[in-house]
Amino acid sequence: MTASSTLPVGQLPSLGEVPNRMYAQVIRQDRFGDPRTAFQVEQVDVPAPGADEVLVAVMAAGINYNNVWAARGLPVDVIGLRQRAGEPHDFHIGGSDASGIVYAVGDEVTSVAVGDEVVVHPGCWDPADAWVAAGRDPMLAPSARIWGYDTNFGSFAQFTLAQEHQILPKAPHLTWEEAAASTLVGTTAYRMLHGWAGNELHEGDGVLVWGGSGGVGVQAIQLVRAAGATAVAVVSDDERGRYAVDHGAVGYIDRTEFSHWGVAPHWQDDTRQTAWQKEARAFKRRVRDLLGRDPAIVVEHPGEATLPTSAFVCARGGMVVICAGTTGYSATLDLRHQWVMQKRLQGAHGTNDEQARAYNRLLLERRIDPAVGEVLPFEGIPAAHADMGAGVAVFGNRVALVGAPEPGLGAAS
């Protein structure tokens with residue numbers, strides 16, 4: 001059923017009644033740059049679901065760093081990339097976390113019904129991809145994409161489109177904003193810790209978590225605790241450290257007490273190498289003091305500033321797993337620590353269905369807290385991305401209300 005008028009943000013049409021138009025936070029190529037101006041509220045057509053797709057009325061949308069990149073047009077122009085692949089849209093609607101209500105389903109959808117309260121996980125792919133059809137990890141397929149970044153019609157709009165397999169049940173005890181907060185960062189952390197044969201997280205392991213008060217970090221710490229392992233957080237001050245401890249870390253390290261960050265000096269530069277190694281060894285001793293051993297897994301995302309240290313402190317046969325490069329991409333490491341100590345450097349991106357469902361079960365069982373840090377109105381999405389890009393951090397996750405008119409709604413009484 002179709003409705004003709006566009007409702008204000010914060011209002012929903014009758015269940016199953018889909019308007020022709022909707023409000024969205026839209027990025028266009030001629031606005032690339034500062035997220036404050038790259039995002040603008042526009043009216044656009046509500047997309048119709050394809051055969052295997054689901055149309056969801058967005059109640060709340062999580063905010064992640066990927067759409068800072070989209071707003072800047074760096075490192076890739078996501079609009080141009082999709083247009084070169086044959087897609088018609090000359091705009092981008094981002095947002096890779098959503099909670100909401102199903103309003104329409106495609107003809108081939110069988111597991112989701114209109115009226116279901118759901119969340120959306122961000123891993124998507126072409127089901128006809130030969131890699132996927134062969135039963136391999138779909139997030140390693142050539143067609144794998146991150147919904148709401150690589151795809152259009154993400155969660156920064158009144159309605160969003162997702163593939164059927166991305167749809168997960170919303171935990172009834174969570175509010176709309178809580179349910180939208182942590183799926184991307186949580187499933188990312190789950191894949192980092194449980195996704196790599198030979199270096200999966202085991203009970204009793206020690207784990208070092210960079211950015212322990214942030215989105216991925218808080219979820220990683222909780223996942224470590226849920227597995228019966230031990231996490232130490234790296235943070236930038238004591239308040240953030242206490243927040244990480246409150247969410248399950250056994251201790252924290254204030255990185256501002258050390259000065260060896262950035263690209264490591266060349267191995268032939270004896271003077272600078274000696275100074276770097278002194279600091280790196282002091283950091284490693286601090287990690288050992290808190291964990292009682294070297295970390296079997298290092299959860300990385302800063303990249304350029306921290307990777308040399310991560311590779312140095314990681315245990316023999318352990319793994320440094322990295323999901324981003326928030327301080328830059330031109331990282332270095334001393335390869336002697338890699339081959340002699342047989343350490344693994346592993347990239348991790350997105351989530352597959354199995355990992356997303358496993359993470360969501362932990363939410364349903366109340367073993368994981370979404371860790372909402374800041375709840376914003378729909379109009380606050382541009383400034384929130386600008387702050388995130390400028391390094392203005394909050395504890396936990398930022399969330400914007402869309403269909404929910406106010407915080408605190410959506411939880412079962």
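Excluded from the calculations below are hydrogen atoms, water molecules and symmetry mates; all remaining heavy atoms, backbone and side chain alike, are included.
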- Query: Arg31: what forms a salt bridge (Lys or Arg N to Asp or Glu O under 4.0 Å) with it, not counting sequence neighbours?
  - Reply: Glu42
- Item | Donor-acceptor contact below 3.5 Å, side chain Ser99 vs main chain Trp176 | yes
- Side chain to side chain, Leu401 and Val375, heavy atoms closer than 4.5 Å: yes
- Between the CZ atom in Phe156 and the CZ atom in Phe378, the distance rounded to the nearest 0.5 Å is 9.0 Å
- Message: As an exercise, state the distance from CG of Asp45 to CD of Gln43, rounded to the nearest 0.5 Å.
- Response: 9.5 Å
- Message: With heavy-atom distances below 4.5 Å as the criterion, would you say the side chains of Ile381 and Leu376 are in contact?
- Response: no
- Using the salt bridge (Lys or Arg N to Asp or Glu O under 4.0 Å) rule, collect all pairs that involve residues 163-186, keeping only residues at least two apart or in two chains. none
- Message: With rounding to the nearest 0.5 angstrom, report the CD1 to CG distance, Ile297 to Leu201.
- Response: 5.0 Å
- Any donor-acceptor pair under 3.5 Å linking the side chain of Tyr103 with the backbone of Pro13? yes
- NZ on Lys343 to CG on Leu333, rounded to 0.5 Å: 9.5 Å
- Flag, side chain of Arg367 to backbone of Ala226, donor-acceptor distance under 3.5 Å: yes
- Could you tell me whether the side chain of Asp116 reaches within less than 4.5 Å of the side chain of Pro169, counting heavy atoms only? no
- Query: Taking only residues two or more places apart in sequence, or in another chain, which ones meet Asp150 in a salt bridge (Lys or Arg N to Asp or Glu O under 4.0 Å)?
  - Reply: none
- Before giving the answer on side chain to side chain contact (heavy atoms under 4.5 Å, CB included), spell out for Asp238 and Tyr252 the whole-Å C-alpha distance, their side-chain angles and the decisive distance to 0.1 Å. CA-CA 8 Å; Asp238 290 335; Tyr252 65 90; 3.0 Å; yes
- Just grab all the salt bridge (Lys or Arg N to Asp or Glu O under 4.0 Å) pairs involving residues 297-312, residues at least two apart or on different chains. none
- Item | Pairs touching residues 121-132 that satisfy side chain to side chain donor-acceptor pair (under 3.5 Å), sequence neighbours left out | His121-Asp353, Asp129-Ser143
- May I ask you to test the Val372-Asn397 pair for a side-chain heavy-atom distance under 4.5 Å? no
- Mutual orientation of the aromatic rings belonging to Phe258 and His260 [parallel < 30°, tilted 30-60°, perpendicular > 60°]: perpendicular
- Beyond-backbone contact of Val41 with Val26, side-chain heavy atoms, under 4.5 angstrom: no
- Got more than 12 heavy atoms from elsewhere within 6.0 Å of CG, Asp30? yes
- Any donor-acceptor pair under 3.5 Å from Asp97 side chain to Thr183 backbone: yes
- Excluding sequence neighbours, so at least two apart, what forms side chain to side chain donor-acceptor pair (under 3.5 Å) with Asp90? Arg28
- Message: Around atom CD of Glu203, are there more than 12 heavy atoms from other residues, nucleotides or ligands closer than 6.0 Å?
- Response: no
Which pairs would a plain distance check flag for residues 205-213, meaning a side-chain donor or acceptor within less than 3.5 Å of a matching protein atom at least two apart in sequence or in another chain?
| from | atom 1 | to | atom 2 | distance (Å) |
| --- | --- | --- | --- | --- |
| Asp205 | OD2 | His202 | N | 2.8 |
| Trp210 | NE1 | Ser310 | OG | 2.8 |

- Task: Please tell me if the side chains of Thr351 and Pro122 come closer than 4.5 Å, counting only heavy atoms from C-beta onward.
- Result: yes
- Item | Listed partners of Arg336 passing salt bridge (Lys or Arg N to Asp or Glu O under 4.0 Å), at least two apart | Asp334
- Looking at CH2 of Trp276 and OG of Ser259, how far apart are the two atoms once the value is rounded to the nearest 0.5 Å? 11.5 Å
- Glu200 side chain to Gly198 backbone, donor-acceptor under 3.5 Å: yes
- Check the pair Asn152 / Phe91 against side chain to side chain contact (heavy atoms under 4.5 Å, CB included), numbers first and verdict last. CA-CA 8 Å; Asn152 207 354; Phe91 60 86; 3.5 Å; yes
- Query: Is there side-chain contact between Ser182 and Tyr359, with at least one heavy-atom pair below 4.5 Å?
  - Reply: yes
- When you measure from the side chain of Gln222 to the backbone N and O of Asp369, does any donor-acceptor pair fall under 3.5 Å? yes
- Test side chain to side chain contact (heavy atoms under 4.5 Å, CB included) on Leu362 and Leu223 and set out the steps. CA-CA 9 Å; Leu362 293 171; Leu223 289 167; 3.4 Å; yes
- Query: Does Arg242 come within less than 4.0 Å of Asp237, counting only side-chain N to carboxylate O?
  - Reply: no
- Note on the structure: The residue among Gln25, His92, His385 that forms side chain to side chain donor-acceptor pair (under 3.5 Å) with Asn67 is His92
- Item | Side-chain (Gln163) to main-chain (Pro127) donor-acceptor, under 3.5 angstrom | no
- What side chain to side chain donor-acceptor pair (under 3.5 Å) pairs are there with at least one residue in residues 184-194, not counting sequence neighbours? Asp137-Arg191, Arg191-Gln355
- Message: Please enumerate all residues that pass salt bridge (Lys or Arg N to Asp or Glu O under 4.0 Å) together with Asp246, with sequence neighbours excluded.
- Response: none
Pair up each side-chain donor or acceptor in residues 70-77 with any protein partner under 3.5 Å, not counting sequence neighbours, and list the distances.
| from | atom 1 | to | atom 2 | distance (Å) |
| --- | --- | --- | --- | --- |
| Arg72 | NH2 | Gly389 | O | 3.3 |
| Asp77 | OD1 | Ile79 | N | 3.0 |
| Asp77 | OD1 | Gly80 | N | 2.8 |
| Asp77 | OD2 | Gln29 | NE2 | 2.8 |

- Query: What is the distance from atom CD1 of Ile63 to atom CG of Leu184, rounded to the nearest 0.5 Å?
  - Reply: 12.5 Å
- Note on the structure: Across all chains, not counting sequence neighbours, the side chain to side chain donor-acceptor pair (under 3.5 Å) partners of Thr327 are none
- Query: Quick one: does Trp261's side chain get under 4.5 Å of Pro302's, heavy atoms only?
  - Reply: no
- Sub-3.5 Å donor-acceptor pair from the side chain of Gln158 to the main-chain atoms of Tyr23, do we have one? yes
- Task: Could you go through the side chain to side chain contact (heavy atoms under 4.5 Å, CB included) check for Lys284 and Asp294 one step at a time?
- Result: CA-CA 8 Å; Lys284 187 170 187 172; Asp294 292 334; 3.6 Å; yes
- Message: Looking at Gln11, I'd like to know if its CD atom is crowded, meaning that more than 12 non-hydrogen atoms belonging to other residues, nucleotides or ligands lie closer than 6.0 Å.
- Response: yes
- Item | Residues His89 and Glu87: side-chain donor-acceptor under 3.5 angstrom | no
